[in-house]
Participant: 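My questions all concern the structure below.
Every chain is numbered from 1, with letters handed out A, B, ... down the list of sequences. It should be emphasised that the depicted structure is a prediction, and the values quoted were computed from it without experimental measurement.
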Protein chains: 2
Amino acid sequence: MRPTVHDIAAAAGVSLATVDRVLNQRPGVRLVTREKVEAAIREIGYIRDVAAANLAKGRVYPLVFIVPTGDNSFMHGLRSEVHHATLRASIERTDIRIVEVPPFDVPALVSALDAVQGQDIAGVALVATDAPEVRAAVGRLVSQRVPVVTLVSDLTDSARHHYAGIDNIAAGRTAARLLGRFLGGRQGEITVLAGSMLVRDHRERLQGFSDVMAEEFPKLHLRPVLEGRDDPDLARSLVSKALSESRDIIGIYNLGAGNRGLIAALKAVRPERELTVVVHELTQHTRAALVEGTIDAVLNQDAGHEVRSAIRVMKATADGQAVIADQERIRLDIFLKDNLP
Amino acid sequence: MRPTVHDIAAAAGVSLATVDRVLNQRPGVRLVTREKVEAAIREIGYIRDVAAANLAKGRVYPLVFIVPTGDNSFMHGLRSEVHHATLRASIERTDIRIVEVPPFDVPALVSALDAVQGQDIAGVALVATDAPEVRAAVGRLVSQRVPVVTLVSDLTDSARHHYAGIDNIAAGRTAARLLGRFLGGRQGEITVLAGSMLVRDHRERLQGFSDVMAEEFPKLHLRPVLEGRDDPDLARSLVSKALSESRDIIGIYNLGAGNRGLIAALKAVRPERELTVVVHELTQHTRAALVEGTIDAVLNQDAGHEVRSAIRVMKATADGQAVIADQERIRLDIFLKDNLP
DNA sequence: AAATTTCTGATTTACGTACATCAGAAATGG
DNA sequence: CCATTTCTGATGTACGTAAATCAGAAATTT
């Protein structure tokens, strides 16, 4: 049977109250007594029963999720996952508030972050726009002992406690290798479509992609990056224009959102032009395009996993507990038409 | 505030004891009263506090894991993950016993299964060898109301409650497409190395692989399957022999274990022969081979996820609770040298 | 209508922890 | 050595549920 506080008390020769004071770091215990209790805890291998402790505490975790508005499928999915998390609120003892801010809008994000201060909040998760002002606002929160987790996109050199998202450099590298290998030694041009170079995840994907392309696929030439601002309509016109400008384009990598527009542009030139295409984010549109062969591979991050991981990390940080890094690693999913879930 | 049993009792106009009888399906409640209580439960949206319930019950789950012996890295990793699970036993209220049986040994597996009967066991997880005798033994357990979960390899048409493993047909298809695309339209022969056609996962991988090869890559010709019995030494000699027999081999798919032997065979012909290689299971050997370019892609199933999922499912089944299928889906990981964890 | 069976209510204890209160012991100061 | 402060023990309540007991009400049978 698993040891309890009573066993510690008996082993250390003190009362339950004293054990409780030591365990919960309350004052009123002499140093020698404290050490005696701590030794007993180690010796008999006591582990706190978290379930019983939470029950006794009646603890709830008020959490804030700051996510961008915008109608692309990924952010829609992300918001929906956060919403799903609110449905589990009573079970997980969370109380989640969703704050929506316009995408790539630094002042809006900063004021959303500052609004959290002073309130009794157990953690903040945000999709970071990588700017000094945001970094400063996160720093203010962290210095107030509020756990902060970046979600999907990280914040350079910031004090955030954790990043719940994929390794975007690795994602870009993986995309480059898939595209390069799928093109099997052919020569030609590659077009990269991004959302905005303001967000770190897009910059990192591009960097990883460019690195591998340069290192390993010298026959493939990268055209200037198209910035589609994660907007389907803009993406469509940019890609269509590029395709009509150059007949040498044989590969496309969309490292941002706006896949709907890209797919439309691809279908418009479909039978004549033969293009190998790698994109990010599995949505109903990319899934259909993958099945019918319009695109060749989809790299995906599971928004549900990211949200659940962020919640676990915020709760653990709020309780001063360590997070199990390995368990919180967000994996990069690679989908071909054969392994769709 | 979340409703409790007291709230149900008040709402239904009955006592706590009656609510308890309804909730725990104990006898001694008239039909009309039972319906009244159930209506109240639905109306106020009561959700059982599982933590409190487990605390009150002091429930422990005695589980049995039946895993093959054998020194290949994957099974070693699987056993180690089960062992890790035993370390979490006190937290998760499990009591895990590991039973090792020789691989591909049907009678041994059957007697291990039958040994469980009569004991007070909350669930059995097994790496199935796909044979009628095993199916019958699983059927016997299930009819005794013991939750049974297959792990890694499934059992055809059996009564097992759940399968904790990847979709192996999809895995085979994915391997075929990766290999086919990486070979970029070249013509040649493909060698497939398997462990044993006695286990369903290997059969299914081969089937998926063959299907896609036939459908989509007519220029690639499949040689007869090599059965390496998941043994590195045997794998090495089989592959070496095949490579010396035919100079037309340009691709290899190892759908089983024994990667150490395969890698050794590849290195022996390394500078001259140019081979595209896809294998299963990320181990220290395959990881190193991937990094140095001896192999091109690794398909992986995360043994840790599988074990944890199996435990969750057995506990839920033992409690008569539904499992969330989506959460228990085991993903197929695709690793290139760029996205290694 | 009495006897019996079946249901229901009231009450209590327990699970392991948190937290508060109060009395008394030990240590410290003068 | 007394007064004060600081520490410790004893005790009780609470969290939400499970489970047991016993008395009494209601339904059923005779």
Participant: Once you round it to whole Å, what is the distance between C1' of D:dT21 and CZ of B:R26?
Facilitator: 13 Å
Participant: Would you indicate whether the side-chain heavy atoms of A:R312 and A:Q327 approach each other to under 4.5 Å?
Facilitator: yes
Participant: Mind checking B:G58 for me? I need base, sugar-phosphate or nothing, with any heavy atom below 4.0 Å counting as a touch.
Facilitator: nothing
Participant: Is B:D167 salt-bridged to B:R329, going by a charged N under 4.0 Å from an acidic O?
Facilitator: no
Participant: Can you measure B:Q25 atom CD to D:dT17 atom C1' for me and round it to whole angstrom units?
Facilitator: 16 Å
Participant: Which is more 5' along DNA chain C, the nucleotide nearest A:P3 or the one nearest B:L31? Just name the residue.
Facilitator: B:L31
Participant: Whether A:D319 and A:R59 form a salt bridge (side-chain N of Lys/Arg under 4.0 Å from carboxylate O of Asp/Glu) is what I want to check.
Facilitator: yes
Participant: Assign B:N24 to base, sugar-phosphate, or nothing according to its heavy-atom contacts below 4.0 angstrom with the strands shown.
Facilitator: sugar-phosphate
Participant: Hey, where on DNA chain C does chain A first and last touch, going 5' to 3'? Cut-off is any atom under 4.0 Å from a heavy atom.
Facilitator: C:dG16 to C:dA27
Participant: Choosing from D:dG9, D:dA20, D:dT17, which nucleotide comes nearest the side chain of A:S15?
Facilitator: D:dG9
Participant: If you look at every strand shown and take non-hydrogen atoms under 4.0 Å, does B:V14 touch a base, only sugar-phosphate, or nothing?
Facilitator: sugar-phosphate
Participant: What integer distance in Å separates B:I8:CD1 from D:dT17:P?
Facilitator: 7 Å
Participant: Expressed as a whole number of angstroms, how long is the span from B:N54:CG to D:dA18:P?
Facilitator: 9 Å
Participant: Rounded to whole angstroms, how far apart are CG on B:L55 and P on D:dA14?
Facilitator: 17 Å
Participant: Using a strict threshold of under 4.0 Å (side-chain N to carboxylate O), is an ion pair present between B:K315 and B:E92?
Facilitator: no
Participant: Can you list the steps and then say if A:R97 with A:Q119 is a side-chain hydrogen bond (donor to acceptor under 3.5 Å, both in side chains)?
Facilitator: CA-CA 12 Å; A:R97 213 174 66 221; A:Q119 300 182 44; 3.1 Å; yes
Participant: Could you check B:D20 against A:T33 and say which one's nearest nucleotide on DNA chain D is further toward the 5' end?
Facilitator: A:T33
Participant: Would you classify A:A53 as touching base, sugar-phosphate or nothing, given that sugar-phosphate means primed atoms plus P, OP1 and OP2, and contacts are heavy atoms under 4.0 Å?
Facilitator: sugar-phosphate
Participant: Hey, does B:R21 reach any base, or is it just sugar-phosphate, or nothing, if we go heavy atoms under 4.0 Å?
Facilitator: base
Participant: Does A:T94 reach the main-chain N or O of A:I96 with its side chain, forming a donor-acceptor pair under 3.5 Å?
Facilitator: no
Participant: Distance check needed: D:dG16 C1' versus A:I91 CD1, whole Å only.
Facilitator: 14 Å
Participant: Answer yes when A:D49 and B:R93 have at least one side-chain N-carboxylate O distance shorter than 4.0 Å, and no when they do not.
Facilitator: yes
Participant: For the pair made of CG in B:L16 and C1' in D:dA18, what is the distance, rounded to whole Å?
Facilitator: 11 Å
Participant: Of all the nucleotides listed (D:dG9, D:dA20, D:dG16), which has the minimum atom distance to the side chain of A:A17?
Facilitator: D:dG9
